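A short worksheet on the structure shown next.
Within every chain, numbering begins at 1; the chains are lettered A, B, ... in the order of the sequence lines, protein sequences first and strands thereafter. In this text the structure is predicted, and so the values were computed from the model without any measurement.
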Amino acid sequence: MNRREMLIRMAGAAAITAATELVPGVSFAAPATTDSINGLTWKKAPCRFCGTGCGLLIGISNNRAVAVKGDPASAVNKGLCCVKGYHSVLALYGADRLKTALIRKNGKLVPAPINEALDLVASKLKENIAQHGKDSVAIYGSGQWTIPDGYCASKLFKGAIGTNNVEGNARLCMASAVTGFMTTFGLDEPMGCYEDIENADVFILWGNNMAEMHPVLFSRMLERRQQSPGTLVVDLATRTTRTSMAADRSILFLPQTDLAIANAIAYELIRNNWLHSTFLQRHVSFHAGKTNIGYGLEDKFAFTDEPRTIDFAAYKKALEDYKPEKVEKLSGVPAREIRYLAGLYGDPKKRVVSFWCMGMNQHTRGTWIQNLVYNIHLLTGKIATPGNSPFSLTGQPSACGTVREVGTLTNRLPHGEVTDPHSREMAAKIWGVPVSNIAPKPTLHTVEMFRALDRGDLKFIWIQVTNPMVTMPKLKRYRDGLKKENRFVVVSDVYPTPTTDIADVVLPSAMWIEREGMFGNSERRTQHWEKMVDPPGEAMSDTWQLIEVARRMGHGKLFAYKPETHIKEIWEEYRQFHHGPAHEMASYDELRQRPGIMWPFVNGKETRWRYNPKHDPAAKPGDTHHFYGKPDQKAWIWFRPYEPPPEMPDKDYPFWLNTGRVVEHWHTGSMTRRIPVLHQAMPNAYVELHPNDAKRFNIKNGDSVRLTSRRGTILLPALIDRRGRPPEGQVFVPFFDESKLINELTLDAFCPISKQPDYKKCAVKVEKAL
Amino acid sequence: MQTGPVPIKSYIAWPLPGKAAELQSQLLQIPGCQVLPAENRELLLLITDTPTEPAEKLLAAQLEALPHIQCLSLVAGITEEEAA
Ligand code: SF4
């Protein structure tokens with residue numbers, strides 16, 4: 001057998017193993033073959049890219065990652081991976097990897113020893129704090145931070161420096177998911193797990209193109225449908241996508257009207273008495289909040305909700321405004337389709353999973369729409385049991401593990417809110433700082449942080465592992481703001497990006513398996529990986545960069561971790577924050593051994609369904625459910641009305657603009673665009689139009705199209721019926737392409753509760769460019 | 001940008017109901033495809049081996065055009081030169 005034949009057998013064996021895990025009992029005629037080949041060793045790691053958190057096995061040879069396969073031992077992906085996952089190791093080896101630090105001198109970024117760059121970062125931090133106060137400096141990371149990265153960032157800024165100016169790209173990605181969980185359940189993160197997929201009869205996807213964004217979970221869902229005839233997948237979306245093509249039913253609604261549709265479903269559930277009355281009586285209370293809550297378009301916008309308790313009768317009465325026929329006019333969804341959806345949720349014999357991600361999160365009423373979908377599951381009692389699950393998926397690999405659990409948002413601490421004295425005391429004790437160091441008020445959320453840089457209230461920002469000069473909405477304002485005099489911008493990254501372009505200091509980062517770390521995925525699963533290969537040049541992990549700067553600032557005692565054991569030390573320190581049955585986390589040694597562990601992890605047992613006393617050690621036994629997150633020990637049903645978005649198509653800007661992702665590229669494409677196969681498969685951004693609109697403007701595939709909003713203009717090639725199809729009067733543009741920055745056009749309106757911007761709706765005009 | 005040999009890839013191919021045999025015969029006609037059908041389920045494993053990037057592109061287009069595939073799930077990718 002020659003070498004290539006051997007590799008073919010290896011790839012085949014990996015597929016057999018994956019299929020066997022995915023489809024128990026399946027058999028193949030071919031013999032399995034060995035996975036070891038000339039010194040290639042396989043080590044486990046979670047995928048670098050999306051929040052699904054697939055377990056991968058990385059083949060290492062001579063200090064180089066050379067192969068990838070899905071880890072059959074991972075409960076997440078059972079041996080599968082998607083096109084990004086299996087190409088992931090190539091992202092380490094792009095020709096323009098940052099290997100040395102860069103410092104701006106005379107207007108130009110020039111190479112410098114990393115120690116000089118770290119000295120400069122520490123001295124600029126100290127200088128700004130001395131001159132302008134501790135709230136003049138900030139750190140901005142992301143859900144791609146490993147857990148130790150985020151922990152050290154929080155400890156340095158919130159504990160040592162004493163500012164709550166800590167945010168992350170996750171604010172742009174899943175903040176509404178957090179506020180949705182907090183307002184309904186009092187605790188963050190899903191009650192269910194991916195095993196819900198193998199137990200459900202119906203899947204309703206709320207604005208969630210899973211075929212491209214969560215392809216492995218999508219495969220699991222299709223497998224469930226194949227194994228269990230009668231299983232239904234319903235795609236409820238604003239545009240036809242690959243997900244719609246594979247779904248049993250595709251229902252299109254007009255942007256923002258998901259709020260009204262969810263209320264109409266609740267109306268129908270009540271009208272038909274498809275309610276779980278015992279569940280409602282024992283486990284649910286009813287509430288309403290402020291209305292006409294604004295959009296955050298003005299600087300220093302502030303909002304605080306005022307929840308009030310209502311009764312079932314008041315809730316029922318409020319829903320009278322949402323009769324299906326009325327909602328049909330608003331949403332474009334026929335009343336019979338709304339009744340069909342209500343019938344699926346209301347059928348006591350059907351177990352229902354609702355999946356969502358950016359469609360509901362990036363929404364000026366993001367918190368409300370999460371509340372409304374939870375309402376449907378609560379009215380029917382379809383929650384926290386196998387196959388009954390409202391399931392918020394995340395976009396980034398550790399949005400949950402790092403940003404949400406470590407609390408790298410202005411309002412959060414590793415345990416609880418900064419406003420809570422008990423949480424501040426706990427943080428002060430574990431961090432070894434005086435409690436007075438920890439500021440009791442949130443400061444700047446992401447949009448306001450970049451506004452503060454523009455205004456000059458903020459002087460220094462350290463950006464790690466994210467690319468805001470591609471992702472910020474209404475980009476021009478924030479780019480111009482960062483480029484102003486007397487702003488100092490530090491960027492830690494692995495490749496040059498539009499964000500490193502405007503930096504004063506660039507720190508080269510060690511990427512993924514070039515250092516040790518942990519991620520936490522969408523189903524509360526923490527996954528550890530060890531360092532497998534050396535980083536290039538002077539590249540250093542973001543964790544160690546933070547430690548080095550902390551020491552240079554005089555906080556060495558708080559960051560006295562040893563180079564060889566620092567990840568273990570940090571993990572064991574951090575997990576003290578979560579001691580107790582509601583959030584107990586596995587030890588470092590356990591995490592090293594297993595492909596991933598879901599919390600709460602108590603007495604060696606993972607918790608698959610929270611709030612369910614059969615599974616959850618924190619839930620009181622004796623009942624079917626125990627929602628222990630809220631003071632009344634109940635889940636909250638909220639009445640939330642439909643309110644329109646701040647900007648809608650009009651005669652000057654007659655099209656809706658929707659933005660999003662594509663399967664080939666991860667986020668802003670800074671890694672995946674350096675992988676030739678992925679880059680060639682999707683080399684540039686495009687504008688998707690409905691064929692009738694294209695015809696009207698005489699636009700053909702590939703023609704240059706000018707899109708213009710009130711904030712900017714951009715040229716893009718047209719793509720018609722190649723990947724997705726927006727309805728007439730709408731266009732879609734992906735945001736991965738730094739040479740075609742669609743966020744020049746988007747609006748910086750946000751959900752007043754979560755402060756998460758809406759990238760899915762603004763008004764543009766379309767012209768054929770000549 | 002990285003360049004190099006085209007990796008060998010393996011996939012699980014889910015045919016449309018009742019179409020496993022047709023899918024298998026269509027796949028076998030595509031150069032660079034090896035197929036391993038499950039003995040007891042409607043499911044195929046596909047291993048692709050293409051010498052150059054244009055050949056790989058052509059193969060991807062051919063796979064995309066197949067009418068009987070419900071879903072193609074990638075499992076592994078191994079590059080010969082790099083594993084050496
Ligand atoms: S990108 Fe997401 S779906 Fe694809 S392999 Fe990675 S974690 Fe899995």
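With a 4.5 Å cut-off on non-hydrogen atoms, A:R225 touches chain B through its side chain but not through its backbone. With a 4.5 Å cut-off on non-hydrogen atoms, A:C81 touches chain B through its backbone and its side chain both.
The line from CD1 of B:I47 to CD1 of A:I8 is 8.0 Å long, rounded to the nearest 0.5 Å. The distance from atom CG of B:L43 to atom CZ of A:F28, rounded to the nearest 0.5 Å, is 5.0 Å.
Side-chain contact between A:L80 and B:Y11 is absent, with no heavy atoms from C-beta onward closer than 4.5 Å.
Among all heavy-atom pairs drawn from A:Q226 and B:W14, the shortest one is OE1-CE3, 3.3 Å. In plain terms, the two heavy atoms of A:A11 and B:S10 that are nearest each other are O-OG, 2.7 Å.
The greatest number of non-hydrogen atom pairs below 4.5 Å with chain B, out of A:M245, A:Q227, A:H87, A:R97, is found for A:Q227.
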